Asks: 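Once you've had a glance at the structure underneath, I'll fire off some questions.
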Amino acid sequence: MRSKLGDDVDPPLMFEPYRSTLLRAPRQPPVPLPPTVTERLGAPAAWLRTLTGATDLTRQHREPPLGQRIVVSGRVSDEAGRPVPDALVEIWQANSAGRYAHARDAWNAPLDPNFTGAGRALTDGEGRYRFVTIRPGAYPWGNHPNAWRPAHIHFSLLGPAFGSRLVTQMYFPDDPLIELDPIAQAVPAAARDRLVGRFDIGSTEAFFALSYVFDIVLRGQAATPFED
Amino acid sequence: MPPPTPSQTIGPFFHYALPWRGGADLAAGGGDAGARLDLVLPEHRSLVSRREPAGRVEGTAIEIAGTVRDGAGAPVDDALLEFWQADGGGHHASAEARFAGFGRAATGPDGTYALRTVKPGPVPGARGLAAPHIAVALFARGLLRHLTTRIYFADEATNADDEVLLAVPAGRRHTLLAGRRAEGRYEFDIMLQGGRETVFFRL
C-alpha cells in the first residue's frame, strides 16, 4: 500500500554494511503497482484461526525454559490509527543464551530443551496481541569481525490485506548492540526507535514476568482502499 | 497519523516458525509441502503446524516450480515465498470458502520451490478483467524488505491487456511469465539481481 510517508521509514534494499544484501538486493528500480483487488484482499480470519500455534512460549515442554520471563504485547493499527483486528502475528526468537532451535545455528551456546521459540496469535477486536516468552540472548554472526546481533524477537504481520504484509524485528531498550548492528542501522534514524520495545511496569505481572510493549503500524488503511 | 513500522530482514532461522506442513499445496493434497523439516531440530518438529488440505477447489490443478538465484547465479536456499491468489472461478477467499488462496513455500537446499494449486481465474481490474495471476511475496536473509512480484501464465491471451503487465517495461515483461513445461506444469524462476533480474513491484 502506498504510504503517505513514502520511503522515509523502511531500510533500503542495498546496504553495504549488511553484507548479504550485496548479492541479493535487486538493482532495478521497482515498478509501481497500480492498486488492484489482489493487494487489498487477504486470507479470511476464520482460515487464519485454523493455523495452530502458541501464545505462551514458556509452556510448550515438560519444564519452563531458562531465562527472564517476559510478556510481549501491543496493538496493531493502520496508518489512520485504527485498530487492525484478526491480524496474524507470528514471532520467533533465540533462547535466553542466544541459540535458535534451528539446524543452521551451531554456535557455542547451549540449546534449551524446554524452549522452541515460535508463537502465533490473532489480534483481538481492538487490534491487541499478547505473548509470554523469555528474553532472548544476543548472538554472534559472520557479517564482520566480532559481529553480534542485538537481542531481538522476529515479528511477522499478515494484516487484512496482502499489501500490508510486514516482517520486522523488536529490539530491547538500552541495548548497546543496536548502534553497532547493520540490520537495525539500515533503518533511517528517525524511524529506528519504533523498532525498540518499551518496558512497561503497568503490564508487568508481579512475581511472574516483566513486560515490554511493541505497537505495530501497518501500511495502508484497514477498512477502505488507500487513496492518494 | 502514526507512521508505519519499518521492515527488517526475515533472517535465516524462520523455518521452525513460519512454514507449515502442506503450506505449498493450496489444492487437494497436503503432506509436508513447503516446509523444511530438515532445518528444524528433531525434538521441536512436532510443533511445526500442519493444515488439512482444502478439499475440492474450483479450477484446474497445476504445479509451479522454480529456482531462486542471487546476483552471482547461486541458489538461494533460505528464502520464503508466499503466494496469494483467486481460485479457478476468479474468487478470492471468503469466510465460507475452505480455499484460502494463501500459501507458503521455503526454498530447498538447491534453491527450488514447488507450489501445487489451481490455475487462478481472471479477477476484476481497473479496466475490465485482469489476466490470471498469483501474487508473490519473497523474504530472505539479505533482503531488508520483502520483494513483491507476480506470476502470470505464458499461455494466456489476456496478458496482452493486463494493466499491471502493461505498466512493466516491455523488455522485462517476460520475467513475470511462467512457461508451460507440460500438461499442468509451469516453471517460474526468480532472479534477485543481475542481467535477468525479475521484475519486482512497489506498492
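From a predicted model like this one, the values you see are computed outputs, not experimental measurements. Just so you know, these numbers use all the heavy atoms, side chains as well, and skip hydrogens, waters and symmetry mates.
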Asks: Going by an N to O cut-off under 4.0 Å, is there a salt bridge joining A/Arg24 and B/Glu197?
Replies: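 Salt bridge between A/Arg24 and B/Glu197, a charged N being under 4.0 Å from a carboxylate O: no.
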
Asks: Give the member of A/Ala118, A/Ala191, A/Ala101, A/Ser156 that has the highest number of heavy-atom pairs under 4.5 Å with chain B.
Replies: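 Winner by heavy-atom pair count: A/Ala101.
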
Asks: Can you tell me how the ring of A/His61 sits relative to the ring of B/His44, calling it parallel under 30°, perpendicular over 60° and tilted otherwise?
Replies: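 It falls in the perpendicular class, over 60°.
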
Asks: Using a cut-off of under 4.5 Å for heavy-atom pairs, which of B/Arg172, B/Met191, B/Arg141, B/His146 has the most such pairs with chain A?
Replies: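 Top count of heavy-atom pairs under 4.5 Å with chain A: B/Arg141.
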
Asks: Applying the side chain to side chain contact (heavy atoms under 4.5 Å, CB included) criterion to B/Leu144, which one of A/Val167, A/Thr21, A/Val187 satisfies it?
Replies: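 Checked A/Val167, A/Thr21, A/Val187 against B/Leu144; only one passes side chain to side chain contact (heavy atoms under 4.5 Å, CB included): A/Thr21.
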
Asks: Ignoring hydrogens and angles, tell me if any N or O in the side chain of A/Arg120 forms a donor-acceptor pair with the backbone of B/Leu18 under 3.5 Å.
Replies: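 Flag set: sc A/Arg120 to bb B/Leu18 pair under 3.5 Å.
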
Asks: Relative to chain B, which segment of A/Ala54 carries a heavy atom at a distance below 4.5 Å: side chain, backbone, both, or neither?
Replies: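 Contact with chain B: none, neither part.
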
Asks: Below 4.5 Å, heavy atoms only, C-beta onward: do B/Leu203 and A/Glu39 meet side chain to side chain?
Replies: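 Heavy-atom side-chain distance check passes, below 4.5 Å.
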
Asks: Is there a donor in the side chain of A/Arg194 and an acceptor in the side chain of B/Thr5, or the other way round, less than 3.5 Å apart?
Replies: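 There is no such pair (donor and acceptor under 3.5 Å, judged by atom type) between the side chains of A/Arg194 and B/Thr5.
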
Asks: So which residue, A/Leu51, A/Asp105, A/Leu157, A/Thr36, ends up with the most heavy-atom pairs under 4.5 Å with chain B?
Replies: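 Option with the top pair count is A/Leu51.
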
Asks: Pick from B/Phe102, B/Phe14, B/Phe201: which one has the most heavy-atom pairs with chain A under 4.5 Å?
Replies: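 Greatest number of close heavy-atom pairs with chain A: B/Phe201.
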
Asks: Is there a side-chain contact between B/Pro4 and A/Leu218, using heavy atoms and a 4.5 Å cut-off?
Replies: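 The answer is no, as the side chains (C-beta and beyond) never meet within the 4.5 Å cut-off.
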
Asks: Where on B/Leu39 is there a heavy atom nearer than 4.5 Å to chain A: the side chain, the backbone, both, or neither?
Replies: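 It is both, since atoms from each part get that close.
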
Asks: So for B/Arg69, is it side chain, backbone, both, or neither that comes closer than 4.5 Å to the heavy atoms of chain A?
Replies: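 Contact with chain A involves no heavy atom of B/Arg69 at all.
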
Asks: Just so I know, are the side chains of A/Pro26 and B/Leu143 near enough to count as touching, which here means a heavy-atom distance under 4.5 Å?
Replies: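 A side-chain contact exists here, since the closest heavy-atom pair is under 4.5 Å.
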
Asks: Identify the heavy atoms of A/Glu79 and B/Pro2 that sit nearest to each other, and give their distance.
Replies: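 Result for this residue pair: O-CD, 3.7 Å.
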
Asks: If every non-hydrogen atom of A/Tyr18 is compared with every non-hydrogen atom of B/Gly142, which pair is closest and at what distance?
Replies: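 What the structure gives for the nearest pair is OH-N, 2.8 Å.
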
Asks: When you compare the side chain of A/Val31 with that of B/Arg202, does any pair of heavy atoms fall below 4.5 Å?
Replies: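 They are not in contact (no side-chain heavy atoms under 4.5 Å apart), so the answer is no.
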
Asks: Name the region of A/Phe155, side chain, backbone, both or neither, that has any atom closer than 4.5 Å to a heavy atom of chain B.
Replies: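 Neither part.
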
Asks: Of the listed residues (A/Leu48, A/Leu166, A/Asp215, A/Ile91), which shares the most heavy-atom pairs with chain B below a 4.5 Å separation?
Replies: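 Max contact count across the listed options: A/Leu166.
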
Asks: Considering non-hydrogen atoms only, spot the tightest contact between A/Ala103 and B/Asp38 and give its length.
Replies: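 Distance-wise, the nearest heavy atoms are CB-O, 3.9 Å.
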
Asks: Quick check on the interface: out of B/Phe139, B/Trp20, B/Phe13, who has the most heavy-atom pairs with chain A under 4.5 Å?
Replies: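 Among the listed options, the one with the most contacts to chain A is B/Phe13.
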
Asks: Select, from B/Ser49, B/Gly71, B/Pro124, the one with the greatest count of heavy-atom pairs under 4.5 Å involving chain A.
Replies: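 Heavy-atom pair counts peak at B/Ser49.
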
Asks: Please state whether the side chain, the backbone, both or neither of B/Pro169 comes within less than 4.5 Å of a heavy atom of chain A.
Replies: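 Side chain only.
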
Asks: Give, as side chain, backbone, both or neither, the part of A/Leu195 having an atom under 4.5 angstrom from any heavy atom of chain B.
Replies: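 Side chain of A/Leu195 only, per the 4.5 Å heavy-atom cut-off to chain B.
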
Asks: Verify salt bridge (charged side-chain N to carboxylate O under 4.0 Å, His left out) between B/Arg104 and A/Glu90, making sure each step is shown before the conclusion.
Replies: CA-CA 14 Å; B/Arg104 279 184 182 153; A/Glu90 295 167 287; 2.8 Å; yes

Asks: Show the nearest heavy-atom pair for residues A/Leu22 and B/Gln193, with the distance to one decimal.
Replies: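 That would be O-NE2, 3.0 Å.
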
Asks: Measure the OG1-CD distance between B/Thr9 and A/Gln169 for me, rounded to the nearest 0.5 Å.
Replies: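 That separation rounds to 7.0 Å.
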
Asks: Heavy-atom distance under 4.5 Å to chain B: side chain of A/Ala43, backbone, both or neither?
Replies: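 Answer is both: backbone and side chain atoms of A/Ala43 are under 4.5 Å from chain B.
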
Asks: At a heavy-atom distance under 4.5 Å, which candidate from B/Val199, B/Val40, B/Val76 has the highest pair count against chain A?
Replies: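 Result: the option with the highest number of such pairs is B/Val76.
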
Asks: I need the minimum non-hydrogen distance between B/Tyr16 and A/Thr116, along with the two atoms involved.
Replies: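 Minimum heavy-atom contact is CE1-O, 3.4 Å.
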
Asks: Could you pull out the closest heavy-atom pair between A/Pro12 and B/Arg145, with the gap in Å?
Replies: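 So the minimum-distance heavy-atom pair works out to CA-NH1, 3.6 Å.
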
Asks: Which is it for A/His154 and B/Ile10 under the side chain to side chain contact (heavy atoms under 4.5 Å, CB included) test, yes or no, and what are the steps along the way?
Replies: CA-CA 7 Å; A/His154 293 269; B/Ile10 198 173; 5.8 Å; no

Asks: Answer yes or no: is there a side-chain heavy-atom contact under 4.5 Å between B/Glu82 and A/Phe162?
Replies: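 When only atoms from C-beta onward are counted, A/Phe162 and B/Glu82 do touch, with a gap below 4.5 Å.
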
Asks: Going through the distances and angles, do A/Ile183 and B/Gln8 end up as a side chain to side chain contact (heavy atoms under 4.5 Å, CB included)?
Replies: CA-CA 7 Å; A/Ile183 292 173; B/Gln8 295 277 256; 3.5 Å; yes

Asks: Checking the side chain of A/Asp10 only, and the main-chain atoms of B/Pro6 only, is there a donor and an acceptor separated by less than 3.5 Å?
Replies: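 Between the backbone of B/Pro6 and the side chain of A/Asp10 there is no qualifying donor-acceptor contact (under 3.5 Å).
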
